[in-house]
Amino acid sequence: MNARVRNVAGASFAVADDKDGFWDKAESGAWEPETLASVHALAGPGTLFIDIGGWIGPITLTAAALGAEVLAFEPDPRAFELISANVAANPALAPRIRLHHAAVSPTPGRVRLGSPKKPGDSMGSILAADSGVALWEAQAILPAEIAAMAGDAGRIVFKMDVEGAEYQLLPHLAPLLGPRTAAALIAFHPRLLAKAGRSAAEIEALTATARSALADYTLRNLDCEEQPISRQANSTVLATRK
């Protein structure tokens, strides 16, 4: 597919995938404007941006276009093909981006995932590992291994959008939540937990555990004015180191 130049929230890069509808939405400002504004404020030269759940690359490419070095992880095989093609379409940015076809996990081995629709649709999750229309496995990568990949980076920002797996992962992200991590953008999906059968009490407990893992950070909900981590609405939280 021919590469097309896209301008997303002031960042310009090429894409070579089949997601024109998504990129039209992103260019118009209709896709996660608060998240993109935060990426603009946080990414740049001297920052290592870690993208957990890179999908087809909107955040990865934006961060790289702003001058950051990027580590991106995507377990969906179709999405990984597309993000790889999009990175390859940007020879000036590609040397700053390291892609990994892997699922960030608290345990080693293989991770089973699924999607309610199809591979590559941004909805792949461990929550759909037994009920999805499409199912697959990916190699696990541990948070400590990612921290080792970060090497001597002096300033880290990470974004995590893993469709419900964030609650399981956060208590194990201590290797990525040290003093050099200035901020994190984390998408929380309580509605997916509820759909997967978790009770309100279970969601409350998982949310409390997530807040505890982020105790060294000030939390701001980018999508609603409820509590920093909503128990009802899917939303993205900006965590800034205190």
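What's counted below: heavy atoms across the whole structure, side chains too, no hydrogens, waters or symmetry copies. Fair warning: this is a prediction, and the values are worked out from it, not measured in the lab.
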Margin query: Strictly distance-based, threshold 3.5 Å: is any side-chain N or O of Gln168 a donor or acceptor partner for the main-chain N or O of Ala165?
Written below: no

Check: With a 4.5 Å heavy-atom cut-off, do Lys25 and Lys19 have their side chains touching?
Finding: no

Check: If you look at every heavy atom in Glu27 and Val5, which pair is closest and at what distance?
Finding: OE2-O, 4.3 Å

Next item on the list: Only pairs at least two apart or in different chains count here, so list each salt bridge (charged side-chain N to carboxylate O under 4.0 Å, His left out) that has a residue in residues 31-49.
Entry: none

Notebook entry, point to check: Quick one: CD on Glu74 to CD1 on Ile52, what's the gap to the nearest 0.5 Å?
Noted result: 11.5 Å

Check: Linking I/L/V/M/F/W/Y whenever their side-chain heavy atoms sit closer than 4.5 Å, directly or via other members, would Phe188 and Val39 fall into one cluster?
Finding: no

Checklist line | Rounded distance [0.5 Å steps], CD1 in Ile186 versus CD1 in Ile229 | finding: 7.0 Å

Next item on the list: Could you list the residues that satisfy side chain to side chain donor-acceptor pair (under 3.5 Å) with Arg191, not counting sequence neighbours?
Entry: none

Notebook entry, point to check: Do Val15 and Leu99 sit in the same hydrophobic cluster, where Ile, Leu, Val, Met, Phe, Trp and Tyr count as joined when their side-chain heavy atoms come under 4.5 Å apart?
Noted result: yes

Margin query: Could you work out, with side chain to side chain donor-acceptor pair (under 3.5 Å) as the rule, every residue matching Ser115, not counting sequence neighbours?
Written below: Asp121

Item checked: Heavy-atom closest pair, residues Pro228 and Leu219 -> CB-CB, 3.6 Å

Note to self: Test of understanding: with side chain to side chain donor-acceptor pair (under 3.5 Å), list the residues that count as partners of Glu204, not counting sequence neighbours.
What the structure shows: Arg231

Notebook entry, point to check: Can you tell me if Thr181 uses its side chain to pair, donor with acceptor, with the backbone of Leu176 under 3.5 Å?
Noted result: yes

Notebook entry, point to check: Would you say Val87 and Leu93 make side-chain contact, with heavy atoms under 4.5 Å?
Noted result: no

Item checked: Nearest heavy-atom neighbours spanning Ala64 and Val70 -> N-CG2, 3.8 Å

Next item on the list: Any ring-ring contact (aromatic ring centres under 6.0 Å, His included) involving residues 46-82? Give me the pairs, sequence neighbours left out, ordered by first then second residue.
Entry: Phe22-Trp55, Phe73-His100, Phe80-His101

Notebook entry, point to check: According to the salt bridge (charged side-chain N to carboxylate O under 4.0 Å, His left out) rule, which pairs have a member within residues 145-167, sequence neighbours left out?
Noted result: Asp51-Lys159

Check: For the atom pair CD1 (Ile59) and CG (Leu185), what is the distance rounded to the nearest 0.5 Å?
Finding: 7.5 Å

Next item on the list: Drop me the distance from Leu61's CG to Ile97's CD1, to the nearest 0.5 angstrom.
Entry: 5.0 Å

Notebook entry, point to check: Is any side-chain heavy atom of Trp31 less than 4.5 Å from a side-chain heavy atom of Pro58?
Noted result: yes

Note to self: So Phe13 and Val8, do their side chains get closer than 4.5 Å, heavy atoms only?
What the structure shows: yes

Notebook entry, point to check: Does the Asn221 side chain pair with the main chain of Val237, one donor and one acceptor, at a distance under 3.5 Å?
Noted result: no

Next item on the list: Would you check if Leu238 and Tyr217 make a side-chain contact, meaning some heavy-atom pair closer than 4.5 Å?
Entry: no

Next item on the list: Could you list all the salt bridge (charged side-chain N to carboxylate O under 4.0 Å, His left out) pairs where at least one residue sits in residues 81-101, not counting sequence neighbours?
Entry: Arg78-Glu81

Next item on the list: Could you go through the side-chain contact (heavy atoms from CB on, under 4.5 Å) check for Val157 and Ile50 one step at a time?
Entry: CA-CA 6 Å; Val157 173; Ile50 299 175; over 6 Å; no

Check: Quick one: side chain to side chain contact (heavy atoms under 4.5 Å, CB included) partners of Leu193, sequence neighbours excluded?
Finding: Leu127, Tyr167, Arg198, Ile203, Leu206

Checklist line | Minimum heavy-atom distance between Leu192 and Gly164, given as atom pair plus value | finding: CD1-N, 4.3 Å

Checklist line | Distance, nearest 0.5 Å, that separates CG of Leu113 from OG of Ser125 | finding: 7.0 Å

Next item on the list: Indicate yes or no: at least one non-hydrogen side-chain atom of Leu173 is less than 4.5 angstrom from one of Phe158.
Entry: yes

Margin query: Is there a side-chain contact between Asp20 and Arg6 in this structure, where contact means two heavy atoms from C-beta onward sitting under 4.5 Å apart?
Written below: yes

Notebook entry, point to check: What heavy-atom pair brings Pro116 and Met123 nearest, and what distance separates the two atoms?
Noted result: CG-CE, 3.5 Å

Next item on the list: Please collect all salt bridge (charged side-chain N to carboxylate O under 4.0 Å, His left out) contacts where either partner lies in residues 168-179, sequence neighbours excluded, each pair once.
Entry: none

Note to self: Are the side chains of Ser38 and Leu222 in contact, using a 4.5 Å heavy-atom criterion?
What the structure shows: yes

Next item on the list: Return yes if some donor-acceptor pair links the side-chain N/O of Arg4 with the main-chain N/O of Asn2 below 3.5 Å, else return no.
Entry: yes

Side-chain donor-acceptor contacts of residues 208-216 below 3.5 Å, not counting sequence neighbours, with atom names and distances?
residue : atom : partner : partner atom : Å
Thr209  : OG1  : Ala205  : O            : 3.1

Notebook entry, point to check: Is it true that a side-chain atom of Asp17 and a backbone atom of Leu82 form a donor plus acceptor pair closer than 3.5 Å?
Noted result: no

Next item on the list: Could you go through the side-chain contact (heavy atoms from CB on, under 4.5 Å) check for His189 and Val162 one step at a time?
Entry: CA-CA 9 Å; His189 300 84; Val162 288; over 6 Å; no

Next item on the list: Rounded to the nearest 0.5 Å, what's the gap from CD1 on Ile156 to CZ on Arg180? Could you check?
Entry: 4.0 Å

Notebook entry, point to check: What residues, two or more places apart in sequence or in another chain, satisfy side chain to side chain donor-acceptor pair (under 3.5 Å) together with Asn7?
Noted result: Ser12

Expected list for residues 129-144: side-chain donor-acceptor pairs under 3.5 angstrom, two or more places apart:
residue : atom : partner : partner atom : Å
Trp136  : NE1  : Pro75   : O            : 3.4
Gln139  : NE2  : Gly109  : O            : 2.9

Check: Closest approach of Thr107 and Ser105, non-hydrogen atoms and distance?
Finding: O-OG, 2.9 Å

